[in-house]
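Atom set for the values below is all heavy atoms of this structure, side chains included, hydrogens, waters and symmetry mates excluded.
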Amino acid sequence: FPLRYRARCIGVCTMANWAGNFLIAQFTPMLLETIEFSTFYVFGLFCLAGVFLSAWLPETKGVPLEKVQELFDDKAGFRSTA
(Lines give C-alpha, C1' and ligand atoms only; values in the text may rest on other atoms or scores of the structure.)
Protein backbone atom coordinates (compact mmCIF):
# COMPACT_ATOMS: atom_id res chain seq x y z
CA PHE A 1 0.00 0.00 0.00
CA PRO A 2 1.19 3.57 -0.57
CA LEU A 3 2.44 5.15 2.65
CA ARG A 4 -0.33 7.74 2.87
CA TYR A 5 -3.00 4.99 2.80
CA ARG A 6 -1.12 2.22 4.60
CA ALA A 7 -2.64 2.60 8.08
CA ARG A 8 -6.21 2.79 6.77
CA CYS A 9 -5.72 -0.16 4.39
CA ILE A 10 -4.18 -2.33 7.08
CA GLY A 11 -7.12 -1.46 9.32
CA VAL A 12 -9.59 -2.51 6.61
CA CYS A 13 -7.68 -5.77 6.05
CA THR A 14 -7.67 -6.49 9.77
CA MET A 15 -11.40 -5.76 10.01
CA ALA A 16 -12.08 -8.11 7.07
CA ASN A 17 -10.04 -10.83 8.78
CA TRP A 18 -12.00 -10.42 12.02
CA ALA A 19 -15.33 -10.38 10.15
CA GLY A 20 -14.41 -13.58 8.31
CA ASN A 21 -13.39 -15.30 11.53
CA PHE A 22 -16.63 -14.16 13.18
CA LEU A 23 -18.72 -15.56 10.32
CA ILE A 24 -16.91 -18.89 10.44
CA ALA A 25 -17.40 -19.08 14.21
CA GLN A 26 -21.12 -18.29 13.87
CA PHE A 27 -21.92 -20.62 10.96
CA THR A 28 -19.84 -23.67 11.88
CA PRO A 29 -22.18 -24.92 14.65
CA MET A 30 -25.21 -24.45 12.37
CA LEU A 31 -23.52 -26.26 9.51
CA LEU A 32 -22.43 -29.11 11.77
CA GLU A 33 -26.01 -29.46 12.97
CA THR A 34 -27.60 -29.44 9.50
CA ILE A 35 -25.12 -31.07 7.11
CA GLU A 36 -22.94 -32.74 9.76
CA PHE A 37 -19.65 -34.12 8.43
CA SER A 38 -20.16 -32.49 5.01
CA THR A 39 -19.28 -29.20 6.72
CA PHE A 40 -15.65 -30.21 6.42
CA TYR A 41 -16.08 -30.73 2.67
CA VAL A 42 -17.33 -27.14 2.41
CA PHE A 43 -14.26 -25.87 4.25
CA GLY A 44 -12.07 -28.16 2.15
CA LEU A 45 -13.46 -26.64 -1.05
CA PHE A 46 -12.54 -23.17 0.19
CA CYS A 47 -9.03 -24.40 1.00
CA LEU A 48 -8.72 -25.97 -2.44
CA ALA A 49 -9.87 -22.72 -4.07
CA GLY A 50 -7.20 -20.88 -2.06
CA VAL A 51 -4.51 -23.28 -3.25
CA PHE A 52 -5.49 -22.77 -6.90
CA LEU A 53 -5.70 -19.01 -6.43
CA SER A 54 -2.25 -18.85 -4.85
CA ALA A 55 -0.80 -20.92 -7.69
CA TRP A 56 -2.45 -18.64 -10.30
CA LEU A 57 -1.43 -15.27 -8.83
CA PRO A 58 2.12 -14.10 -9.62
CA GLU A 59 4.74 -13.61 -6.90
CA THR A 60 5.34 -9.90 -6.29
CA LYS A 61 7.99 -10.12 -3.56
CA GLY A 62 10.92 -7.90 -4.45
CA VAL A 63 9.22 -6.58 -7.59
CA PRO A 64 9.19 -2.77 -7.91
CA LEU A 65 5.72 -1.25 -7.79
CA GLU A 66 6.10 0.03 -11.34
CA LYS A 67 6.60 -3.53 -12.67
CA VAL A 68 3.73 -5.23 -10.83
CA GLN A 69 1.18 -4.33 -13.52
CA GLU A 70 3.28 -6.16 -16.11
CA LEU A 71 3.03 -9.37 -14.06
CA PHE A 72 -0.76 -9.17 -14.06
CA ASP A 73 -1.05 -8.26 -17.75
CA ASP A 74 -0.19 -11.84 -18.71
CA LYS A 75 -2.85 -13.39 -16.44
CA ALA A 76 -6.29 -14.30 -17.77
CA GLY A 77 -9.07 -12.28 -16.20
CA PHE A 78 -7.06 -9.10 -15.60
CA ARG A 79 -7.34 -6.06 -17.79
CA SER A 80 -4.71 -3.36 -17.95
CA THR A 81 -5.51 -0.12 -16.16
CA ALA A 82 -2.46 1.70 -17.46
Side-chain angles (χ1 to χ4, degrees):
F1 298 116
L3 287 176
R4 61 189 273 196
Y5 301 115
R6 185 166 296 185
R8 183 169 293 153
C9 291
I10 290 175
V12 169
C13 290
T14 302
M15 183 184 67
N17 186 17
W18 277 76
N21 289 336
F22 176 78
L23 290 174
I24 290 171
Q26 294 300 310
F27 285 115
T28 298
M30 289 183 263
L31 288 172
L32 284 171
E33 192 174 299
T34 56
I35 61 174
E36 297 173 350
F37 185 78
S38 297
T39 300
F40 298 106
Y41 293 132
V42 172
F43 291 141
L45 286 175
F46 280 106
C47 289
L48 194 60
V51 167
F52 284 119
L53 185 65
S54 67
W56 178 68
L57 288 173
E59 176 62 54
T60 58
K61 181 180 178 182
V63 177
L65 191 57
E66 295 79 20
K67 301 288 183 185
V68 170
Q69 181 65 41
E70 293 174 14
L71 294 174
F72 285 94
D73 285 343
D74 296 333
K75 294 289 181 179
F78 285 105
R79 60 183 172 87
S80 180
T81 57

Next item on the list: For the pair Leu45 and Phe40, evaluate side chain to side chain contact (heavy atoms under 4.5 Å, CB included) and give the outcome as yes or no after the intermediate values.
Entry: CA-CA 9 Å; Leu45 286 175; Phe40 298 106; over 6 Å; no

Next item on the list: In sequence, state the C-alpha distance, the side-chain angles, and the governing distance for Ile35 and Val42, and then conclude on side chain to side chain contact (heavy atoms under 4.5 Å, CB included).
Entry: CA-CA 10 Å; Ile35 61 174; Val42 172; 4.1 Å; yes

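A distance of 11.0 Å separates CG of Leu3 from SG of Cys9, quoted to the nearest 0.5 Å. Phe27 CZ to Thr34 OG1: the interatomic distance, rounded to the nearest 0.5 Å, is 11.0 Å. Between the CG atom of Asp73 and the CD atom of Gln69 there is a distance of 4.5 Å, given to the nearest 0.5 Å.
Looking at every heavy atom in both residues, Glu36 comes nearest to Glu33 through CG-O, 4.3 Å.
A single hydrophobic cluster is not seen to contain both Phe22 and Trp18; linkage of ILVMFWY side chains at heavy-atom distances under 4.5 Å, directly or through other members, places them apart. Both Phe72 and Val63 are assigned to one and the same hydrophobic cluster, defined by single-linkage of ILVMFWY side chains at heavy-atom distances under 4.5 Å. Tracing side-chain contacts under 4.5 Å through hydrophobic residues (I, L, V, M, F, W, Y), one reaches Leu53 starting from Val68; they form part of the same cluster. A single hydrophobic cluster is not seen to contain both Leu23 and Met15; linkage of ILVMFWY side chains at heavy-atom distances under 4.5 Å, directly or through other members, places them apart. Taking hydrophobic clusters as Ile, Leu, Val, Met, Phe, Trp and Tyr residues chained together by side-chain heavy-atom distances below 4.5 Å, Leu31 does not share a cluster with Ile24.
Sequence neighbours left out, the pairs with a member in residues 42-65 that pass ring pair (Phe, Tyr, Trp, His ring centres under 6.0 Å) are Trp56-Phe78.
In this structure a side-chain-to-backbone donor-acceptor pair under 3.5 Å is present from Asn21 to Asn17. Put simply, the side chain of Ser54 gets close to the backbone of Val51: a donor and an acceptor are under 3.5 Å apart.
For the pair Pro64 and Lys67, the minimum side-chain heavy-atom distance is below 4.5 Å.
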